[in-house]
Each structure stands twice: as C-alpha cells, then as structure tokens.
Amino acid sequence: MIAQKERVSVVIPAHNEGENLVDTVRCVLENTAYPDFEIVVVDDASTDGSADRVSNAFDNIDCVRLIRAEGVGVAQARNLGAACACGRILIFLDAHCYTPPHWMVNLIQPLSGTRVGVVGPAMATMHYSSNVRGLGLTWLNESLELEWLGQRKNTPYPVPLLCGACQAVRKADFDRLGCYDAGMTRWGSEDEELCLRYWLMGYEVMVQPQAVVYHLFRESHPYEIQVQKIIYNRLRLAILHLSDERVSRILDCYRSARGFDQIMGWLQHSDLMSRRNELQALRCRDDDWFCTRFDCQI
Amino acid sequence: MSNDSIKKRKAINPEVIWFPPSGIGQVVAHLDKNGAVDIRVEDPTFAGPPYSVLLGLGLQQDGPICYGTLDSLKPGDYFYAKVHPWERWFDIRLKAQDFSNQKVKVEFHVTSHEFVGPTRSPMPKPTKSPTTLVSIRPLNSVNASGRHIDEVPGIDPKAIQLLAKGGIESLAALASAVAAEVAQMLNISEVKAMGLIDEAGRVLEKPEK
C-alpha cells in the first residue's frame with residue numbers, strides 16, 4: 001500500500017486551455033480525498049488569460065501553485081512542474097480532464113510495487129455518455145499510430161503504453177530515468193517514449209481499471225500543431241529505442257511525408273545519436289523483448 | 001474505402017446517408033433493385049477515439065467485426081464496424097436481396113466494446129459529404145427505467161431547466177448527455193459539464209425512497 005502520508009504533486013501543463021484549466025484544478029481540489037497533495041500548474045505561455053484566472057481563483061489556496069514557462073512544449077512543461085514539485089509521487093494530468101471522486105487513491109495504489117514505474121487510469125471521453133474506456137495503448141503498425149486497448153481485468157495489469165493525459169510516477173524514479181525526453185518538440189509521443197523507456201529500463205507500466213479519468217478529446221486544439229513536428233517526435237522515439245531494422249521500416253512509412261528531408265535534418269542536428277547510445281547502454285531489455293511481450297506489430 | 005470506390009458506388013446507387021451515430025440512430029433506407037444501399041456513417045462532432053457501431057436490419061445477434069463493406073446481410077443480422085482511427089466515417093453497403101426495392105429501417109447502436117484510436121496527431125478533415133438525404137440526431141436520452149426515449153433530437157433543453165427543479169427524469173436525461181452539448185447549452189467548460197453529468201449519474205444510482 002502507498003502510505004497516505006506520501007505527498008502527491010499533480011502537475012498540470014497548460015497552454016490556452018480557457019475555462020477548462022480553472023475547472024480542472026477545481027475538480028481535482030474538490031474530488032480528491034487524499035490527506036497531502038498539491039497542484040502545480042505550469043502555464044506554457046498562454047495568451048488567453050487562463051493562467052491569470054488560475055492565479056485569481058486559487059490565490060488563497062496554499063496547495064495550488066502556478067509556474068509560468070516560455071513556450072517550451074508539453075514535455076518540458078511537465079519536467080519543469082516536476083522539478084518544482086514537493087511530492088514523492090507525481091501525477092501528470094492534462095488541463096482538460098475531469099477527475100471523479102476517489103480517483104487519486106485508486107490511481108497511485110499500484111505504485112506500491114517496487115517494479116511498477118508508471119500507472120495510468122482508465123481513460124474515458126467526455127464526448128459520449130457511455131462506458132467506453134481506453135485502458136492503455138499500443139502501436140497499430142510501423143507508422144507508430146496508436147490504438148487503445150480494452151479492459152482485460154478489474155485489477156491493475158501491465159500494458160505497453162499509457163496516455164500522457166494522466167500518468168503517475170514516483171518522483172525518485174522519474175528523476176533517475178531522465179524525466180520526459182527533453183528532445184521532443186511541442187507535442188506528441190513524449191508519453192509513449194516515457195513508457196517505452198521505463199519498460200526497457202526494467203520497470204513495469206500498469207493500468208489501474210479502478211481509477212477513471214475523463215479526458216476532453218478535441219476536434220481542434222487551442223494551439224498550432226505542425227505535422228512535421230509530430231513526425232519528428234515519432235521518429236525520435238523510434239531511433240532512440242528501436243533496432244535498425246524497425247527504424248528502417250518506420251522511416252519508410254514517413255519517407256513520402258511533406259517535409260521529410262527537413263525532419264531528418266532536425267534529427268541529425270539534435271542529440272539523438274548520443275542519447276540513443278546512452279539509453280541503449282543503460283537498458284536491461286531491448287525492443288525485441290518489448291514487441292514479443294506485447295505482440296507489438298512494429 | 002477510397003473516394004473513387006465511393007464515387008463508383010454513388011453511380012450505382014446514389015443514396016448515401018449521413019448521420020452521427022451516437023447512442024441509437026435510426027434511418028429509413030431505400031434498397032435498390034439489387035437489395036443494396038450505401039450508407040456513410042459520420043459523426044461531425046467526433047474528436048477522439050472511435051467506437052464500434054452495431055448495425056442491423058432488425059434484431060439479434062452479434063456479427064463479425066469488419067471494416068468498410070459488408071456485402072451480404074440478412075434481416076436479423078448485426079455486425080460491428082470499427083471506425084478507422086483517422087476518419088470520422090466509414091462506408092457500409094448493406095445488401096439484403098429479400099428486400100429489393102423496399103424501404104427498411106436501419107438502426108444504429110453505439111456499443112462500448114471497442115475503444116480505438118490515438119489521442120494525438122491532427123485529425124484530417126472529413127471529405128466533402130455526398131448528398132445528404134436523411135439527417136438524424138442521435139438518441140441520447142433515457143427515461144427513469146433505463147430505456148431509450150425514441151428519437152429525442154439532441155439534448156432536451158427542458159431537461160436542463162428541469163434539473164434546477166429536480167426530478168428523476170431530468171437527471172436521467174442529463175446523465176446520458178454529452179459534455180460538449182451541455183457545455184454549449186449552459187455556456188460552461190466541458191470539464192464543468194462533465195462534473196454535472198457525473199453528479200447526475202451518481203444521484204441516479206441512489207435508490208428512490
């Protein structure tokens with residue numbers, strides 16, 4: 001059991017989330033029956049006044065803190081929040097989520113296992129009033145497109161990947177394993193990379209069916225999304241962790257994408273190869289193990 | 001299903017029907033002389049993981065999971081169609097030769113068995129819709145006994161007003177509502193709307209005295 005005296009830090013990165021940000025913070029405050037937790041909002045250069053609304057709404061609430069970043073992207077925003085967090089357990093939560101009562105206690109319970117590195121809840125969508133749930137993710141094919149997994153049992157169990165909308169980790173492990181990859185650009189794949197890295201470093205990634213978090217899946221985003229940057233993140237993940245043969249197949253999937261040459265240029269000028277060598281020297285499992293373990297078709 | 005094949009099918013049978021398949025949807029489809037009709041199922045509000053659609057011409061049992069075209073379907077058959085994660089639509093050709101040149105009622109049920117699709121990466125814009133012959137809003141209301149209220153278009157605005165006055169039926173309507181619609185109606189955020197829906201559901205779980 002996780003001792004309920006362990007402080008939990010809920011890190012919420014946000015960029016132009018409008019009213020959803022204040023309501024997400026309020027929801028966490030009202031629906032979390034846990035004795036010691038804090039909320040660290042990391043505003044990443046919002047221009048819609050949402051950060052100021054958080055500051056005004058929770059000015060008198062000691063356990064809510066606001067940190068301002070300068071457009072660093074979701075991975076670095078989460079890392080910044082983690083660095084400022086006081087808790088021994090971190091929960092990274094998107095700024096457009098609804099957390100029902102008892103979500104936190106159920107979510108962090110599996111972290112009592114020493115080999116458990118990342119825990120995620122059953123993800124529900126706000127768009128449909130049904131019992132539709134996604135419990136973990138896997139890769140559909142060599143393009144690294146994702147597919148949600150259905151529920152297999154009612155108790156925590158291992159899954160290949162977890163959605164970054166809500167991920168819980170122990171801060172000590174998170175710091176030791178290197179946080180979210182700082183080389184990822186604005187948005188995309190940073191959550192998959194974290195989970196894969198935890199698996200390859202010998203940890204387990206688990207889904208907790210008894211914890212449900214509702215996520216707003218949006219038709220459009222309140223920020224610009226560049227397809228090239230998303231592809232960049234995917235290719236970075238692949239080159240960091242996967243075998244040459246798999247990387248070759250994945251590159252073939254994107255070779256005809258617009259801006260592919262530019263993307264390869266960005267990768268070439270990054271710390272990609274040194275980071276790849278470093279990670280592959282440290283890991284105790286390889287991608288063959290991962291793909292066999294989860295029957296992953298990449 | 002490529003756009004070229006859709007165009008070909010339109011040339012054969014131009015009746016293509018669009019509607020958002022949330023909850024239960026019904027449409028009357030006119031089968032051609034070959035007992036076939038093209039149906040395109042699209043949800044323009046769709047923004048996240050797709051879902052399974054249970055589609056049938058009548059009753060009963062589960063069918064196979066399939067993509068795209070189902071070439072033969074007899075009355076009483078149901079099948080699941082998994083929406084492609086990058087599209088918000090899929091095409092189905094229903095064929096029931098016993099019903100050639102007849103109108104049949106097609107009932108769509110959204111099931112909760114599948115939950116597929118990524119959370120990230122941009123969603124492509126849907127292709128321009130062919131001629132819409134029928135537009136049906138989803139059925140998304142239940143009455144207190146848990147049965148679906150037939151063909152209630154969208155959220156009943158009265159349900160929101162009734163909520164303030166209390167009453168099990170208004171809560172029931174809210175509990176099965178969609179956060180995005182409630183948010184728009186009440187001019188609140190989706191997170192806050194989700195809280196109302198969750199609260200309504202929890203109230204309904206308590207037995208009436």
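Labels below follow one simple rule: chain letters A, B, ... track the order of the sequence lines, proteins then strands, and each chain is numbered from 1.
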>> Run A/Met126 and B/Val191 through side-chain contact (heavy atoms from CB on, under 4.5 Å) and show every step you take.
In response: CA-CA 8 Å; A/Met126 292 190 199; B/Val191 172; 3.8 Å; yes

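- Checked against B/Ser189 for a side chain to side chain contact (heavy atoms under 4.5 Å, CB included), the options A/Leu21, A/Asp23, A/Val22 give a single hit: A/Asp23.
- The line from OH of A/Tyr98 to CD1 of B/Ile197 is 10.0 Å long, rounded to the nearest 0.5 Å.
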>> Test side-chain contact (heavy atoms from CB on, under 4.5 Å) on B/Glu190 and A/Asn20; report intermediate values, then the result.
In response: CA-CA 7 Å; B/Glu190 287 92 342; A/Asn20 277 317; 3.2 Å; yes

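- In this structure, the separation between SG on A/Cys27 and CE on B/Met194 is 9.5 Å, given to the nearest 0.5 Å.
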